[in-house]
Amino acid sequence: MTGMGHSSRPLSRAFFGRPADRVARELLGCRLAVRAGDGRVSRHMVCETEAYLGAHDLACHGSRGMTARNAVMFGPAGVWYVYLCYGMHWMLNVVTGPVGVPAAVLIRGVGGHVGPGRLTRALSIDKRFDGRPTVRPTGLWFEPGRLVPPQFVAKTPRIGVGYAGAWAEKPLRFLVDPETLGFGERVGQRNRRPPRRTEA
DNA sequence: GCAGTGATCATA
DNA sequence: ATGATCACTGCC
């Protein structure tokens, strides 16, 4: 959780009205701002996201057509798409791209809360945000953060979408190691040590 | 490794 | 109305 001393303008609808993979990548380093019940606002750096590209993406909910649950994915960008998974975990997504394209970005990790179901539980995010815009008055929005340089961004296949055939393999999950907020280390090199020297 | 959990959706 | 599925997590 970051400090509460300052705030900045929420990420605009234009930011989200672009392809989901681009938004997912650029959301890294931005801050998710949450207003709690007592009115206090906390901010959490986004460190893990996944892109769901649209109707052609077989891992995307929108690929099976519009239903009551996923209808907001077909609507304007910059709107929350929140749904319950496995009967107990709320998944937080933000709709991306033009109207008519069912695309979104799943927020999988922020600050110290890694895991899509864990972060929603920790921040008390649930169905009440579904279909609401990502603006300050809703109590949940994004603010720009620090730019994460490409060498600190890892890309992997998405989690839990094995049913999606070739689409399960695409590198649409984006991570930055939250431990390296100072960006002093590269992702994937955290355990690197200098080779041990032995005396002859 | 796998059970828990319940809304959602297709099928009827 | 019923049954399968599920963008996960926590404990074995």
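Residue numbers start from 1 in every chain, and the chains themselves are labelled A, B, ... in the order their sequence lines are given, proteins ahead of strands. The basis for the numbers below is simple: all heavy atoms, side chains too, and nothing from hydrogens, waters or symmetry mates.
Positionally, the nearest nucleotide of DNA chain C for A:I159 lies more toward the 5' end than for the other of A:I159 and A:R121. Each of A:Y86 and A:N70 has a nearest nucleotide on DNA chain B; the 5'-most of these lies closest to A:Y86.
Nucleic acid contact for A:M91: sugar-phosphate only, since backbone atoms but no base atoms lie under 4.0 Å from a heavy atom of the residue. Using a 4.0 Å heavy-atom distance criterion, A:R158 is classed as making no nucleic acid contact. Heavy atoms of A:A68 sit under 4.0 angstrom from primed sugar atoms or phosphate atoms, though from no base atom. Using a 4.0 Å heavy-atom criterion, one finds that A:M73 contacts the bases of the nucleic acid, with or without backbone contacts as well.
Between the NE2 atom of A:H113 and the C1' atom of C:dC8 there is a distance of 17 Å, given to the nearest Å. One can place CE of A:M88 at 12 Å from C1' of C:dC11, the figure rounded to the nearest angstrom. The nearest whole Å value for the distance from the CG atom in A:N93 to the C1' atom in C:dC6 is 14 Å. A:E48 places its CD atom 9 Å from the P atom of C:dT9, with the value rounded to the nearest Å. Rounded to whole angstrom, the span from the NZ atom of A:K127 across to the P atom of B:dG6 amounts to 16 Å. Atom NE2 in A:H89 sits about 9 Å away from atom P in C:dC8, given to the nearest Å. Going from atom CE of A:M66 over to atom C1' of B:dT8 covers 16 Å, rounded to whole Å.
By the stacking rule of 5.5 Å between ring centres and under 30° between planes, A:Y52 stacks on the base of C:dA7.
The base of C:dA7 is paired with the side chain of A:H61 by a donor and an acceptor separated by under 3.5 Å.
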Given side-chain hydrogen bond (donor to acceptor under 3.5 Å, both in side chains), test A:H44 with A:S42 step by step and report yes or no. CA-CA 7 Å; A:H44 314 262; A:S42 61; 2.8 Å; yes

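The phosphate of C:dA7 (OP1 or OP2) has a side-chain N or O of A:Y163 nearer than 4.0 angstrom. Here A:R69 does not reach the OP1 or OP2 of C:dC6: none of its side-chain N or O atoms lies under 4.0 Å away.
Closest contact between the side chain of A:Y83 and the listed nucleotides B:dC9, B:dT5, C:dA7 involves C:dA7. Checking B:dT5, B:dC9, C:dC6 against every side-chain atom of A:T67, the shortest atom distance belongs to B:dC9.
The aromatic rings of A:F142 and A:F16 sit tilted relative to each other, their planes meeting at an angle between 30° and 60°.
With A:Y83 as the aromatic partner, A:R69 meets the cation-pi criteria of under 6.0 angstrom to the ring centre and within 45 degrees of the ring axis.
In summary, the side chains of A:W167 and A:E169 do not present any donor paired with an acceptor at a separation below 3.5 Å, with no hydrogens or angles considered.
Using Watson-Crick or G-U wobble geometry with both donor-acceptor distances under 3.5 Å, B:dT5 finds no partner in any strand shown.
Under a 4.0 Å N-O distance rule, the pair A:E143/A:R31 qualifies as a salt bridge.
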